[in-house]
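Letters A, B, ... mirror the listed sequences (proteins, then strands); counts begin at 1.
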Amino acid sequence: MTLFNQILEPSALARPSTEVAPALIGCTLVRQLPTGQFLRGTIVETEAYAPGDPAFHAYRRMTGRNQVVFGAAGRAYVYQIYGMYYCLNVVTDCEGIPSAVLIRAVQLECLPIGMETSRKQKLHRLAAGPGKLCRVLQIDRNLNGTVLELGQPLWIERRQQEVAIVQTTRIGLSQGVDLPWRWYVQDCPAVSKH
DNA sequence: TGAAGGATTTGT
DNA sequence: CAAATCCTTCAC
């Protein structure tokens, strides 16, 4: 029996974020907790952030917070937002080119252990949004800079089936609002906003 | 050293 | 529509 699907080859992420973002739709995000428990979800919504993009944290210059997105592809960029949530990005493109893909929503495969009694929420809404996703997968700043590969706390597995993808503008921004750099699975109930 | 504001979420 | 909540960034 196969325990894991084939992980993404590193070269799949070493491309511009606007190519990687739609390519990640349908892939599986895997989180291994310190307890050893695996949490798995299908990526159903992404956004691209690229050089010259005024909405990007790396728009102006390298800082302590954003330095990981200037590095090589294949690491996690995790930052805190509004003092209480975290957002998970996948660093893409080549070293020296700030570039990342925000993972906005995943469809969880099953309810995490211990959540049965805590909340009566619909499974497909538990990770519908970048902040909710990090909350349920227990992703915080400790995972910033983590290499996304098998055996690490986070990794990504290749898409098994084709899905219908919709491309639109990004959400929640004050700048770069017209760039069509958001992708999501058509008619998917786990997407943050349809 | 301080102030402004944010790639969000939730409840009113 | 506003609060929650705190870190990052930029200005002085």
Side-chain angles (χ1 to χ4, degrees), chain A residues 13 16-25 27 29 31 39 41 43-71 73 75-93 97-108 111-112 115 118-146 148 154 156 165-185 188-194:
Chain A
L13 299 176
S17 57
T18 49
E19 294 180 20
V20 176
L24 286 180
I25 298 291
C27 294
L29 178 66
R31 167 80 167 111
L39 301 176
I43 297 172
V44 298
E45 182 182 358
T46 59
E47 285 180 356
Y49 292 82
D53 170 9
F56 195 15
H57 288 169
Y59 180 55
R60 291 170 177 268
R61 60 168 161 274
M62 185 188 295
T63 65
R65 178 176 68 169
N66 67 25
Q67 70 168 16
V68 66
V69 306
F70 286 81
R75 288 179 187 266
Y77 170 48
V78 181
Y79 65 90
Q80 189 187 39
I81 188 68
Y82 297 110
M84 62 186 76
Y85 296 103
Y86 293 93
C87 291
L88 169 67
N89 295 249
V90 175
V91 175
T92 70
D93 218 318
I97 303 180
S99 188
V101 171
L102 172 68
I103 309 299
R104 284 195 56 92
V106 305
Q107 167 70 65
L108 290 178
L111 208 55
M115 292 215 47
S118 56
R119 295 276 168 90
K120 53 156 194 172
Q121 277 190 81
K122 292 216 164 65
L123 181 62
H124 64 264
R125 299 306 298 171
L126 278 180
K132 298 169 70 178
L133 178 160
C134 286
R135 185 177 60 190
V136 71
L137 295 183
Q138 299 176 40
I139 295 167
D140 63 22
R141 75 183 63 220
N142 291 317
L143 294 186
N144 186 45
T146 302
L148 302 170
L154 277 173
I156 297 172
I165 299 177
V166 179
Q167 179 176 6
T168 62
T169 53
R170 297 176 295 182
I171 287 183
L173 306 173
S174 56
Q175 303 192 67
V177 294
D178 293 327
L179 294 171
W181 287 355
R182 173 175 175 248
W183 291 264
Y184 63 89
V185 176
C188 177
V191 167
S192 67
K193 291 171 187 170
H194 307 77

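Classified by interplanar angle (parallel below 30°, tilted 30° to 60°, perpendicular above 60°), the ring pair A:Phe56/A:Tyr49 is tilted.
Out of B:dT9, C:dT9, B:dA7, the shortest distance to the side chain of A:Asn89 is found at B:dA7.
Separating the OH atom of A:Tyr82 from the C1' atom of B:dA7 is a distance of 8 Å, rounded to the nearest angstrom. Rounded to a whole Å, the OH atom of A:Tyr49 is 13 Å from the P atom of B:dG6. Remark: C1' of C:dT9 and CD of A:Gln67 are 15 Å apart, rounded to the nearest angstrom. One can place CZ of A:Arg141 at 12 Å from C1' of C:dT5, the figure rounded to the nearest angstrom. Distance OH (A:Tyr85) to P (C:dC6): 12 Å, rounded to an integer number of Å. Residue A:Lys132 contributes atom NZ, which lies 19 Å from atom P of B:dA7 at whole-angstrom precision. At whole-Å resolution of the value, CZ in A:Arg65 and C1' in C:dC7 are 8 Å apart. Rounded to a whole Å, the OH atom of A:Tyr86 is 19 Å from the P atom of B:dG6.
The CG atom of A:Leu24 lies 11.0 Å from the CG atom of A:Leu102; values are rounded to the nearest 0.5 Å. A:His57 contributes atom NE2, which lies 15.5 Å from atom CE of A:Met62 (distance to the nearest 0.5 angstrom). Residue A:Leu179 holds its CG atom at 9.5 Å from OG1 of A:Thr169, rounded to the nearest 0.5 Å. Once rounded to the nearest 0.5 Å, the distance linking CG of A:Leu88 with CG of A:Leu148 reads 7.5 Å.
Across every strand in view, B:dA4 sits in a pair with C:dT8 that passes the Watson-Crick or G-U test at under 3.5 angstrom.
Not one N or O on the side chain of A:Arg182 forms a donor-acceptor pair closer than 3.5 Å with the backbone of A:Ile171.
Within residues 54-63 of chain A, the residues having any heavy atom under 4.0 Å from DNA chain C are, by residue number, A:Arg60, A:Arg61, A:Thr63.
In this structure, a donor-acceptor pair under 3.5 Å is present between the side chains of A:Arg141 and A:Gln80.
Straight-line distance between the P atoms of B:dG2 and C:dT5: roughly 23 Å, to the nearest whole Å.
Residue contacts for A:Gln80: at a heavy-atom cut-off of 4.0 Å it reaches the sugar-phosphate backbone alone, with no base atom in range. When heavy atoms are screened at a 4.0 angstrom cut-off, A:Arg104 is found touching the sugar-phosphate backbone but no base atom. A:Gly83 comes within 4.0 angstrom of a nucleotide base, judged by non-hydrogen atoms across all strands.
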